[in-house]
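Shown next, in structure tokens, is the structure this report addresses.
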Amino acid sequence: MTRILPGKTIGILGGGQLGRMMALSAKAMGYRIAVLEPKAGSPLGQIADTEVIAAYDDIDGARRLAEASDVITYEFENIGANVAAWLEENAPFPQGSRLLEISQDRLREKEAITEAGIEVAPYAPVHSLDQLKAAAERLGYPCIVKTTRGGYDGKGQMVLQGEQDAAEAWEKLADSAPLVLESKVAFSKELSVILTRSTQGEMRAFPVAENVHRNGILHETIVPARITADTEKKAVAIASRLAEAFALTGTLAVEMFLTEDGTIYVNEIAPRPHNSGHFTMNACATSQFEQHIRAVCGVPLGKTDLLKPCVMVNILGEHLPRILAGLDEFPEAHLHLYGKDAAKPGRKMGHLNVTSGRTDEMLELIRSSSIWREQQAMGAKQ
Ligand SMILES: Nc1ncnc2c1ncn2[C@@H]1O[C@H](COP(=O)(O)OP(=O)(O)OP(=O)(O)O)[C@@H](O)[C@H]1O
Ligand SMILES: [Mg+2]
């Protein structure tokens, strides 16, 4: 692909916070931005040069986006398969549709990861309550049943502690069948690796991130991850192998479970910048968003070195008023808010990158603040 130089327009499918942060980086470099999103005034729409208001599966919308753009990327993976196929045929869409198809469907994703020679937790497809019970018996309790499509932030999944939970879980999720049942991994840590490959074939990985979830939603990312050099190497090797197997162009985030004995299972992948990579904005030589823009435009990638330790903490709807009132508690931290107006509980409104001090000091600063007290994260389940 030819290089897309600053001054040209990058079209982004999806108007959420990931697109907004891509656009902020792109604009700093001198690019113009067009966005496709069903509603005006989205986090990205607020700062884009051109807004195309259309559904994610509207081919005419995709055509209008393509007319306004010199290259097209996406900020989330649930774009209609019809639109992805149309773009692949008719527009400069360097990332292609294959990784989108894989990551949109948990079953296909697990098959593809396994085919690449990488381990996932034991799993089984489920089409009926009987199958759910039989599979749970085979995999053992506790296990987790998930919808194959459309889940995010822990939505569309339920933990089964024993057979008594199966009927309720089936009733709640059956409308989205087929489901996937997976063993609940007794992990010691969750890790993620984000890597980027440009249209010129250059590839770089960011430092491994350690992730702490609450109620199925990412709460904190700690970098450097508190793991051995060996595990760090292994995690990056797994992500690189997947990038190779999927012929990656753009950004790939790989979520992993690390167990006490050093085994790594891949949980899921996302073919885009990722919440667990937000630390890069203030702690790395290049942010994941700038790197992604460089990659899809085919300009040289930036260095990914970690410049200082960082703890990223997410700001959900319930945290927003408290962080705004409590900024004095974090005078040296970097606040990023996404321009969403409705601060619903559990909704990602922004994040804070804490970069001053040692990791244990930064963690203690967050833990001792009233902003993220455990009992106050209640709404997150909705
Ligand atoms: N098999 C599993 N074993 C143990 N914990 C799990 C398992 N599956 C999910 N979890 C926990 O739930 C979290 C969310 O799960 P998952 O990543 O599958 O969901 P998601 O809704 O796609 O989330 P997101 O899009 O925010 O990454 C995981 O990060 C992990 O903490
Ligand atoms: Mg996940």
Side-chain angles (χ1 to χ4, degrees), residues 14 16-18 74-78 99-100 102-110 113-114 118-126 132 135-136 138-161 165 169 172-173 176 179-194 208-222 225 235 239 242 251-260 263-278 288 312-316 338 346-349 351 377 380-382:
Q17 65 263 24
L18 298 175
Y74 51 84
E75 62 113 35
F76 82 141
E77 54 270 43
N78 290 318
L99 251 179
L100 278 172
I102 292 172
S103 59
Q104 278 175 359
D105 184 307
R106 285 191 197 277
L107 275 171
R108 207 179 295 170
E109 179 177 276
K110 288 178 192 300
I113 294 167
T114 309
I118 300 295
E119 254 190 297
V120 297
Y123 71 96
V126 165
L132 176 60
R138 204 166 63 246
L139 296 184
Y141 294 99
C143 47
I144 305 189
V145 61
K146 300 180 179 177
T147 57
T148 50
R149 304 181 80 89
Y152 70 99
D153 288 349
K155 293 178 176 62
Q157 51 178 274
M158 281 187 72
V159 178
L160 308 188
Q161 297 295 352
D165 296 335
K172 283 219 170 109
L173 302 176
S176 317
L179 307 175
V180 57
L181 184 74
E182 47 186 82
S183 294
K184 185 162 192 288
V185 178
F187 56 78
S188 54
K189 281 192 188 324
E190 287 193 75
L191 305 175
S192 59
V193 177
I194 295 169
V208 177
E210 174 181 344
N211 301 313
V212 179
H213 289 78
R214 273 190 192 172
N215 301 313
I217 304 183
L218 183 64
H219 169 55
E220 277 169 344
T221 297
I222 302 160
L242 292 178
T251 303
L252 180 70
V254 184
E255 298 179 16
M256 306 173 188
F257 300 129
L258 171 68
T259 65
E260 213 55 72
T263 306
I264 295 178
Y265 298 100
V266 167
N267 171 29
E268 58 173 357
I269 58 166
R272 51 163 170 78
H274 192 260
N275 193 169
S276 68
H278 292 356
Q288 63 167 344
M312 187 283 320
V313 55
N314 266 338
I315 299 167
L316 305 181
Y338 308 148
R347 188 174 194 209
K348 289 174 179 168
M349 303 302 289
H351 65 274
K381 276 192 177 138
Q382 294 168 14

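In listed order, ligands and their atoms are each counted from 1. Below, all heavy atoms of this structure are taken into account, side chains as well, without hydrogens, waters or symmetry copies.
- In terms of modelled atom types and a separation under 3.5 Å, the side chain of Glu75 and the main chain of Arg272 share no donor-acceptor contact.
- Salt-bridge annotation for Arg106 and Glu182: absent, with no side-chain N of the basic residue lying under 4.0 Å from a carboxylate O of the acidic one.
- Looking at residues two or more places apart in sequence or on another chain, you find a side chain to side chain donor-acceptor pair (under 3.5 Å) between Thr251 and His292.
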- prompt: Where do Leu99 and Ile269 land on the side-chain contact (heavy atoms from CB on, under 4.5 Å) test, with the steps shown first?
  reply: CA-CA 9 Å; Leu99 251 179; Ile269 58 166; 3.9 Å; yes

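- Closest to the Mg ion (ligand 2) among the N, O or S atoms of Glu255 is OE1.
- Under the 3.5 Å distance criterion, with hydrogens and angles disregarded, a donor-acceptor pair is assigned to the side chains of Glu255 and His274.
- The aromatic rings of His278 and Tyr338 stand perpendicular to each other, their planes meeting at an angle above 60°, with 30° marking the opposite boundary.
- Glu268 contributes atom OE2 as its closest N/O/S atom to the Mg ion (ligand 2).
- Between the side chain of Asp105 and the backbone N or O of Leu107, at least one donor-acceptor pair lies under 3.5 Å.
- A heavy-atom cutoff of 4.0 Å around ligand 1 is satisfied by the protein residues Arg106, Ile144, Lys146, Gly151, Tyr152, Asp153, Gly154, Lys155, Gln157, Glu182, Ser183, Lys184, Val185, Phe187, Glu190, His213, Gly216, Glu255, Phe257, Asn267, Glu268.
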